[in-house]
There are 2 protein chains.
Amino acid sequence: MSLTIGELSRQTQVKVPTIRYYEQIGLLAEPARTVGQQRRYGSDDVRRLNFIRHARELGFEVDAIRQLLDLTAAPSRSCGEVHEITKAHLTEIKDKIVRLTALRDELEAMVACDHRKISECRIIEVLADHGQCQHAEH
Amino acid sequence: MSLTIGELSRQTQVKVPTIRYYEQIGLLAEPARTVGQQRRYGSDDVRRLNFIRHARELGFEVDAIRQLLDLTAAPSRSCGEVHEITKAHLTEIKDKIVRLTALRDELEAMVACDHRKISECRIIEVLADHGQCQHAEH
DNA sequence: TCTTGAACCTCTAGCCGCTAGAGGATGTAG
DNA sequence: CTACATCCTCTAGCGGCTAGAGGTTCAAGA
C-alpha cells in the first residue's frame, strides 16, 4: 500500500503543505521517494498523522505531541521516565476535560434557552473563575 | 477597583504584551486610561481575560472565542441565532471531550505500567482511527 | 509510444497568534 | 523631588502553518 502525499492529505484532512512542514520539523519521518523524488506513504503514516491532527485540535503543542509520540516509539525508555512524561500530560488532559465539560454544560443550558434569558448567560463565568490551571507546572 | 496592566497580567496569567495584543484585535475592549495614558482595568476584564485564556488553552481559535463572548454580550440577539452558534460549538466541544477522554484512558493505562510492556502502547491508535471529526463542518 | 494535465517538487513569502526588545514616559514610595 | 519599577508605542521575530511561483513527474488515454 503506497499513497501519494495528496492521498495521504485526503485521508487525514491535513493539507499537503502541512504534511511537508511536519516532515521538515521532524514530526513525520522522511518517507520513501519515487525515482522522480515524489513522496510515497504507508498506513503507519496515516495513523501517525491522524494522531497529530487530533492532538493539535485538542490544543497540544508540537513539542508535547512529539513527546507523546516518542512514548510509543521508544520501548527502550525506562518505566520511570515514561511515567513522568505521561503523568504531566495526564494532569493537563484531565484539566482540559474538566473545563470543556463545564463549558459544554453551560452551552447546553443555553441551547435549552426557552426558559432562559440570554442576559442570564454565564458562559464567561464558567471558565473564568475556577482557575484549575493556577498550580499546573507547564 | 482599578488594576494596572501588570496586575491584570498577574491575576490572569496572561502576559502583558498579549493583553495589549488582545485589545488591538478587539477581543478586549479599550480600557480606561490615566492622564498619562496608562491602562486601568476592572474586575470584568479579569473574568473576560480568564475566559479567553482557558478557551485558547482548549484549542479554540480567536474567532470562535469572539463568537462565544458575543453570545453573552448581545441580549438583543435572536434566540435562533444564538441557538445555531451555540450548537456548532457544542458539537466541537463534545467531540473534544470524547477524544480527550480516550487519550486520558490510554495514558492512565500506561501509568499503571507494571503490568504492561511499553511496546503494547496504543496511544496513537486511540486518537488515530475513530475520525470523529470527519463530518464536522468547519 | 507519445502526449497531456493533474499532481508533485522546492523555494520564498505571508498570515495568525503571540513574544521580546528598544527607547522613552509615567507614577508611586520614600 | 527623586528613583526606579512599571508603563507606553513601535518594530521585529518566532511557531505553526498556508499560499503561490515556477518548474518536474507520472499515469492514463490517443
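Note that the structure is predicted; figures quoted are calculated from it, not measured. A, B, ... follow the sequence lines: proteins, then strands. Residue 1 opens every chain. What you see below is based on every heavy atom in this structure, not just the backbone, and it leaves out hydrogens, waters and symmetry mates.
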Taking only the side-chain nitrogens and oxygens of B:R33, find out if one of them lies under 4.0 Å from OP1 or OP2 of D:dT9.
-> yes
Could you give the CD-to-P distance, from B:E57 to C:dC18, as a whole number of Å?
-> 10 Å
Would you say the side-chain atoms of B:D45 pair up with the backbone N or O of B:G42, donor to acceptor, closer than 3.5 Å?
-> yes
If you find the nucleotide of DNA chain C closest to B:R20 and the one closest to B:R66, which residue's nucleotide is nearer the 5' end?
-> B:R66
For A:R39 and B:V62, take the nucleotide of DNA chain C holding the closest heavy atom to each; which residue's nucleotide lies nearer the 5' end?
-> A:R39
A:T18 side-chain N/O to D:dT18 phosphate OP1/OP2 under 4.0 Å | yes
Separation of D:dC10 atom P from B:E23 atom CD, nearest Å, is 12 Å
Under 4.0 Å between any heavy atoms, over every strand shown, what does B:I25 touch: base, sugar-phosphate, or nothing? Just pick one.
-> nothing
Rounded to whole Å, the OH-P distance (A:Y22 to D:dT18) equals 8 Å
Mind calculating the distance between NZ (B:K15) and P (C:dG17) to the nearest angstrom?
-> 17 Å
Quick one: does A:E7's side chain have a donor or acceptor within less than 3.5 Å of a partner on A:T4's backbone?
-> yes
Is any side-chain N or O of A:T4 closer than 4.0 Å to OP1 or OP2 of C:dA7?
-> no
Does atom CD of B:E61 have more than 12 heavy-atom neighbours from other groups under 6.0 Å away?
-> no
Kindly point out which of D:dT6, D:dC26, D:dG16 is positioned nearest to the side chain of A:Q38?
-> D:dC26
Taking C-beta and beyond as the side chain, do A:E30 and A:R39 meet within less than 4.5 Å on heavy atoms?
-> no
Send over the distance from A:Y21 OH to C:dA13 P, rounded to a whole Å.
-> 18 Å
Quick one: label A:R10 by what it contacts on the DNA or RNA (base, sugar-phosphate, nothing), any heavy atom closer than 4.0 Å.
-> nothing
Quick note, A:P17 side chain, CB onward, closest among D:dC8, C:dT19, D:dT18 is D:dT18
Does B:T12 offer a backbone N or O that forms a donor-acceptor pair with the side chain of B:R53 under 3.5 Å?
-> yes
Round to the nearest Å and state the distance from B:I65 atom CD1 to C:dC18 atom C1'.
-> 13 Å
Taking D:dC17, C:dC8, C:dT26 as options, the one with an atom nearest any side-chain atom of A:I5 is C:dC8
Whole-Å distance separating the CZ atom of A:R53 from the P atom of D:dG16 = 18 Å
Of the listed nucleotides C:dC8, C:dG17, D:dT9, the one nearest the side chain of B:E61 | C:dG17
Using a cut-off of strictly less than 4.0 Å, decide whether A:T34 has a side-chain nitrogen or oxygen near OP1 or OP2 of D:dT25.
-> no
Please give, in whole Å, the distance from D:dA5 P to B:E7 CD?
-> 16 Å
Would you check if the side chain of A:R56 reaches a backbone N or O of A:I65 as a donor-acceptor pair within less than 3.5 Å?
-> no
Pairwise 5' ranking along DNA chain D for A:V35 and A:R56, keeping only the more 5' one | A:R56
